[in-house]
Amino acid sequence: MHVSKEYTIKSFRSPIDLNIDYESELNVQQLAAVTATPGPALVLAGAGAGKTRTLTYRVAYLLEQGIPIDRILLLTFTNKAAKEMMERVQDLVGGNTSGLWGGTFHSVGHRILRRNAESIGYPPTFTILDREDAKDLMSLAIIDAGIDTKAARFPKPDLLCDILSMSINTGMDLDKVMEERYFYFESLSQDISKVHAAYSKRKQSNGVMDFDDLLNQWLRLLKENDEAREYFQSKFQFILVDEYQDTNHVQCELIDRLGNKHHNIMAVGDDSQSIYSWRGANFRNVLEFPNRHEGTQVFKIETNYRSTPEILNCANAVIAGNPNQFKKNLTPVRKSGMKPALVSCNDANQQAEFIAQRALELRDEGIPLENMVVLYRSHFHALELQLEFTRRNIPFTITSGIRFFEQAHIKDVASYLKLISNHQDEIAFKRIVLMLSGIGAKSADKLWRSYKSRLTDKIDIQTSLANVIREIAGITPKKSLLGWEQFAETLSQLEEEKEKGPGHLIRLIVAAGYEDYLQNKFPNYYSRLEDLEQVAGFADQYETTEEFLSELALLSNLDTESKKNTLSDPEQIRLSTIHQAKGLEFEVVFVMMLCDGLFPSSRAIESPEGEEEERRLFYVAVTRAKTELYLSYPLMRFMHGSGGETFQQPSRFLDEIGDGLLEEWNLQSFDPYG
């Protein structure tokens, strides 16, 4: 028998000649993290403290220590972050970096699964489902599972995809997810479980994966296939993870398993900026990292290059109230500036006037509008502001890409109002009937033609719209008969109570069945319901439905105009939820609607964990500001169920900032014609 001997073939690569002067390029805290000895490391990088710089220099440092480039794995959360980091590494090392394994979790998972799919029963040519395809496959799974969707109000396929995704990404079993997040469907847990099993079976038999599978099947590969697990654990000698506070259960387990041989995991993040629990992220992944990885070195990077000392004093005070955190104290590099302003306004309209006027003043002082942002907890908080900017012709852009009144649920409810105001509105009619089960585009067109012919036959203009709808019930598909009757009943009520104003009618539409539709269709049912409550309050200021609809049309048309003008006029102030502004920075930041129950939101403060996440969200808002920060709230605000305007309590977070850190601005009214 021959004696065997292992002989390792080393891939030849052009040598990388670095010679970087780390001490002059990095501050003391960054340098400590970049030059850390091998082993698990947790890098707590505060807002504006140069997190990306630290990560890219760490990669360069490893290469300079002789670590082969293909033995390093760099994981990020967005394609933009991945591209930026890869480019920075390329600039630093000056050589060929194509061997570096870097990218988003999903892109790296996809790369690994392409090579190893067969070992988990998938063809290497598997296709990836987009959202629409996943929804269509879920519809087939409902049939496979033998679910009678008419017997009980069953979630729509889109929502079933979200429920399954939440279960996978949080590591919670389905029953627990239903109990905590979708309790209104809890009685259907068993049926939903059957559908999800049928969906998984169909995916495997069709050789397709959805977006979650790129992580979930990658984890399955590491759990079930010893050869693949040992290969990748050996291969990735150093693992670096960006935005670690945003990792979910699956991502956390993937990193732990991949790093289980060399234990060289460097997790970079900031537990104080963990704000995505609603999509499965768990800030405890940061807090518990040292417990899961023995011998973890913890590095804090607290030197902030972004904000003035006054803004940082405010930020440090904001986050101090959270008991579950790694304590950090952001220290400034910049010179002193103005104190953040605390602005109490009479109502939401005055708050909008203040922000609009101050933004124009700052623009006159030389700060371009694109260097300003208005941040809020929820889109509905900026209703009055959108109108004020529109009236004053202040160009603005909304980060989500959809202006408040252009969202599906707002347009759905507005369709009812449009139809009772203008019986001949084909778009409104079809939008409503397409919401009913069993009605597709062809049926909707047939129903419209029948409805229209009856409408023109009527001589009396006062003829009840609801009666016309009832007359054509005979040609509706059987599946939609119940919904059709509800449609007629809703129109009947709207016609009877039209004089009570648009706000009242919106509440009536929601109560008459649209709330059920929201529950079935959307994962963020509560926030959409909240939006509609606020729209109703907003509509109360208009005497007639026609007046309210005209205002909506004005906003929508101006929105279209502004999109056309974006290229010719890039200077626009940005309106954004705080969630969508994370990672960005602006010279001037306005944080608005800081009322208890709005920010923090009333639902979040039902639990200590919820309140802590809201405080982290406020901290993210404050730390977006470089030079000027304005915190505002109205003393009066329409609240649903109160019958009108009610006094507001300033946000509890404002009380926590402490004396002397804010400057109170008292607004005075001035009428130049008075």
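Heads up: numbering here begins at 1 and tracks the sequence.
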- Message: With ring pair (Phe, Tyr, Trp, His ring centres under 6.0 Å) as the rule and sequence neighbours excluded, what pairs involving residues 292-337 come up?
- Response: F289-H293
- Task: Give a yes or no on whether a salt bridge exists between E587 and R306, defined as a side-chain N under 4.0 angstrom from a carboxylate O.
- Result: no
- Task: Indicate yes or no: does E585 engage R624 in a salt bridge with an N to O separation below 4.0 Å.
- Result: no
- Item | Heavy-atom pair of closest approach, residues K327 and N322 | NZ-O, 4.2 Å
What donor-acceptor contacts under 3.5 angstrom involve side-chain atoms of residues 178-193, with partners at least two apart or in another chain?
residue: E180; atom: OE2; partner: K176; partner atom: NZ; Å: 3.3
residue: R181; atom: NH2; partner: S277; partner atom: O; Å: 3.3
residue: S189; atom: OG; partner: E186; partner atom: O; Å: 3.1

- N-O pairing of R652 and E614 below 4.0 Å: no
- Query: Got a salt bridge between E612 and R615, using NZ or NE/NH1/NH2 to carboxylate O under 4.0 Å?
  - Reply: no
- So, do R53 and N27 sit near enough that their side-chain heavy atoms are less than 4.5 Å apart? no
- Query: Would you call K328 and E302 a salt bridge, taking side-chain N to carboxylate O under 4.0 Å as the test?
  - Reply: no
- Task: Report yes if the side chains of M372 and F586 come closer than 4.5 Å at any heavy-atom pair, otherwise no.
- Result: no
- Message: Quick test of your reading of the model: are D242 and K51 salt-bridged, counting only N-O distances below 4.0 Å?
- Response: yes
- Less than 4.5 Å apart, any side-chain heavy atom of M592 and any of Q351? yes
